[in-house]
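Please read the structure below before turning to the comments.
The model shown is predicted, which means the values in this text are computed figures rather than measured ones.
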Amino acid sequence: MFEKRLNKSELLNLSPAKRAWLRFKSNRRGYYSLWIFSILLFVSLFAEMISNDKPLIIQFEQEYYYPLWKDYPETTFGGDFVTKTDYNDPYIIEKITKNNNWAVYPLNHYRYDSINYFAELPNPARPSAQNYLGTDDRGRDVLARLIYGFRLSVLFALVLTAIGVVIGIVIGSLQGYFAGKVDLVTQRFIEIWSSMPELYLLIIFASIFKPSIGLLIVLLSLFGWMGLSDYVRAEFLRGRNLDYVMSARSMGVSNTGIMFRHLLPNSMVPVLTFLPFRISGSILALTSLDYLGLGVPPSTPSLGELLSQGKENIDAWWLSMTTFSVLVGTLVLLIFIGEALREALDTRRG
């Protein structure tokens with residue numbers, strides 16, 4: 001693809017990073033998957049402005065109100081009670097929109113915890129003009145929970161992957177650079193630690209502590225670094241006796257300088273290659289734990305919790321099918337990105 005724009009001499013003058021980027025762009029499937037995933041993640045970051053039970057702005061009696069940032073009592077808009085306004089109540093909607101007053105609502109009129117008290121069908125209700133993807137067994141909008149659940153899953157996976165990468169790089173680099181007893185003792189520790197029953201530990205801690213995102217990140221981070229540390233260790237073991245490392249050592253460069261200025265940049269290929277796959281694995285881990293009831297609290301929007309509801313309500317096909325589509329679509333995009341990244345970082349390619 002890019003050979004049509006650059007001749008051979010220009011390609012040879014490009015930096016390795018630029019050539020890797022051009023190889024990545026030449027993989028149409030991975031390149032477009034990166035764009036689609038990035039757009040979906042960016043849009044989900046503004047979920048409160050896309051799917052919410054509060055209007056973005058209200059003009060009422062020549063004054064402007066911003067319900068997203070401030071709660072107003074019902075009496076502000078001509079209601080009867082000094083309580084928090086339900087902006088999906090037909091009575092309140094009529095009060096807000098009469099006499100040239102107006103309100104700008106998000107595209108979807110429900111938040112992840114909003115309950116449609118005015119649904120015509122029993123819950124779980126099938127897709128309709130009110131709830132585009134139906135409601136769950138508690139009357140909450142499925143589309144809203146998918147949007148918020150997707151954001152939660154991806155951000156959770158990014159944080160968990162970042163922590164695992166940092167720990168894996170530190171431990172793997174120490175093993176590979178110092179080798180000898182350091183490597184031997186650490187390897188035995190990893191073997192013992194990896195044999196720990198992770199699921200049983202999660203069950204025990206879930207029964208002791210209140211389930212939360214922070215607790216899941218801490219527990220999963222204890223085990224999520226071991227796979228990556230092996231690759232970093234292998235790269236450091238291969239490069240620790242190369243000529244440029246020996247020269248830096250003879251010039252008096254400190255061990256830290258050699259590890260992080262010389263060896264680490266040349267050992268990042270396996271780290272970058274496996275990032276999309278580690279993110280997809282983290283999303284699957286959170287979804288599985290939520291499906292088993294060991295993850296986030298029940299009120300938190302979660303793909304696993306929606307799948308669990310789909311299992312309990314077989315007739316409500318919109319619960320399982322929509323959640324399955326979002327989950328599989330996300331994982332497929334990440335796998336395509338990972339494959340393209342692996343081919344882009346393969347220096348044997350042109």
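Note: the hydrophobic cluster containing I58 does not contain M49 (ILVMFWY, side chain heavy atoms under 4.5 Å, direct or indirect links). Linking Ile, Leu, Val, Met, Phe, Trp and Tyr whenever their side-chain heavy atoms come within less than 4.5 Å leaves Y105 and I57 in two separate clusters. Connection of W35 to F336 is not established within any shared hydrophobic cluster, with ILVMFWY side chains joined at heavy-atom distances below 4.5 Å, either directly or through further cluster members. L201 and L160 fall within a single hydrophobic cluster, where Ile, Leu, Val, Met, Phe, Trp and Tyr side chains are chained together by heavy-atom contacts under 4.5 Å. By the criterion of side-chain heavy atoms lying less than 4.5 angstrom apart, applied directly or through intervening Ile, Leu, Val, Met, Phe, Trp or Tyr residues, L319 is not grouped with V328; the two fall into different hydrophobic clusters.
N131 places no side-chain N or O within 3.5 Å of a backbone atom of P127 that could act as its donor or acceptor partner. Checking side-chain atoms of S51 against main-chain N and O of R111 turns up no donor-acceptor pair under 3.5 Å. When atom types are taken as modelled, the side chain of E74 and the backbone of D80 share a donor-acceptor pair closer than 3.5 angstrom. Using modelled atom types, one side-chain atom of N52 and one backbone atom of K54 make a donor-acceptor pair closer than 3.5 Å. The main-chain N or O of V170 is found under 3.5 Å from a side-chain atom of S173 such that the two form a donor-acceptor pair. Listed for the S267 side chain is a donor-acceptor partner under 3.5 Å among the backbone atoms of L263. With T330 contributing its side chain and V326 its backbone, the two residues share a donor-acceptor pair below 3.5 Å. A donor-acceptor distance shorter than 3.5 angstrom exists from the side chain of N27 to the backbone of G30, with no hydrogens or angles considered.
Shortest non-hydrogen contact noted between P67 and P55 is CD-O, 3.4 Å. A pairwise comparison of heavy atoms in I169 and V232 identifies O-CG1, 3.9 Å as the closest pair. In terms of heavy atoms, L286 sits closest to S153 at CD2-CA, 3.9 Å.
Using a 4.0 Å cut-off between charged nitrogen and carboxylate oxygen, R29 and E343 do not count as a salt-bridge pair. A salt bridge does not link R145 to D113: none of the charged side-chain nitrogens sits closer than 4.0 Å to a carboxylate oxygen. Between R240 and E235 there is no salt bridge, since none of the side-chain N atoms of the basic residue sits less than 4.0 Å from a carboxylate O of the acidic one. In summary, D183 and R233 engage in a salt bridge, as defined by a charged side-chain N under 4.0 Å from a carboxylate O.
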Report the C-alpha distance between F77 and Y87 in whole Å, list the side-chain angles of each, state the deciding distance to 0.1 Å, and finish with yes or no for side chain to side chain contact (heavy atoms under 4.5 Å, CB included). CA-CA 10 Å; F77 308 106; Y87 296 97; 3.7 Å; yes
Applying side chain to side chain contact (heavy atoms under 4.5 Å, CB included), run through T76 and T85 and close with a yes or a no. CA-CA 9 Å; T76 304; T85 306; 5.8 Å; no
I'd like to know whether F223 forms a ring-ring contact (aromatic ring centres under 6.0 Å, His included) with W193, so could you lay out the CA-CA distance, the side-chain angles of the two residues, the decisive distance to 0.1 Å, and finally the verdict. CA-CA 8 Å; F223 301 92; W193 190 249; 5.3 Å; yes
Take N241 and V245 through the side chain to side chain contact (heavy atoms under 4.5 Å, CB included) test and state the conclusion after the steps. CA-CA 6 Å; N241 292 322; V245 176; over 6 Å; no
Please report the C-alpha distance between L303 and L152 in whole Å, then the side-chain angles of each, then the deciding distance to 0.1 Å, and finally whether the side chain to side chain contact (heavy atoms under 4.5 Å, CB included) criterion is met. CA-CA 9 Å; L303 300 180; L152 175 67; over 6 Å; no
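Identified under the ring pair (Phe, Tyr, Trp, His ring centres under 6.0 Å) test for residues 110-143, with sequence neighbours left out: Y112-Y148. Sorted by first then second residue, the ring pair (Phe, Tyr, Trp, His ring centres under 6.0 Å) pairs that include residues 314-333, not counting sequence neighbours, number zero.
Between Y244 and H262, the two ring planes are tilted [angle within 30° to 60°]. W225 and F189 have parallel rings, their planes meeting at less than 30° on a 0 to 90° scale where 60° marks the start of perpendicular.
A 4.5 Å side-chain heavy-atom check between R126 and L121 finds at least one atom pair inside the cut-off.
Taking the salt bridge (charged side-chain N to carboxylate O under 4.0 Å, His left out) definition, one finds that D53 meets it with nothing, sequence neighbours left out.
A donor-acceptor contact closer than 3.5 angstrom is absent between the side chains of D136 and N123. Using a 3.5 Å distance cut-off with no hydrogens or angles, the side chains of E191 and Q187 do not pair a donor with an acceptor.
Of the inter-residue distances, the one linking L228 atom CG with I167 atom CD1 reads 10.5 Å to the nearest 0.5 angstrom. For the atom pair F178 CZ and F236 CZ, the distance stands at 10.0 Å (nearest 0.5 Å). Atom CG of L216 sits about 10.0 Å away from atom OG of S221, to the nearest 0.5 Å. Atom CG of L341 is separated from atom CZ of F277 by 8.5 Å, given to the nearest 0.5 angstrom. Atom CG in D71 sits 5.5 Å away from atom NZ in K84 (nearest 0.5 Å). Between atom OG1 of residue T322 and atom CG of residue L327 there is a gap of 11.0 Å, rounded to the nearest 0.5 Å.
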Using atom types as modelled, flag every donor-acceptor pair under 3.5 Å from a side chain in residues 37-46 to any protein atom, sequence neighbours excluded.
unit_1, atom_1, unit_2, atom_2, d
S38, OG, L34, O, 2.7
S44, OG, L40, O, 3.4
S44, OG, L41, O, 2.7

Which atom pairs, one a donor and one an acceptor, fall under 3.5 Å between side chains of residues 88-97 and the rest of the protein, sequence neighbours left out?
unit_1, atom_1, unit_2, atom_2, d
N88, ND2, H109, O, 2.9
D89, OD1, Y91, N, 3.0
T97, OG1, I93, O, 2.7

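Paired with D141 under the rule side chain to side chain donor-acceptor pair (under 3.5 Å), one option of N108, N116, T135 passes, and it is N108.
Heavy-atom neighbours of M321 CE from other residues, nucleotides or ligands within 6.0 Å: at or below the threshold of 12.
Cluster partners of V82, using a side-chain heavy-atom cutoff of under 4.5 Å among ILVMFWY residues and allowing indirect links: none.
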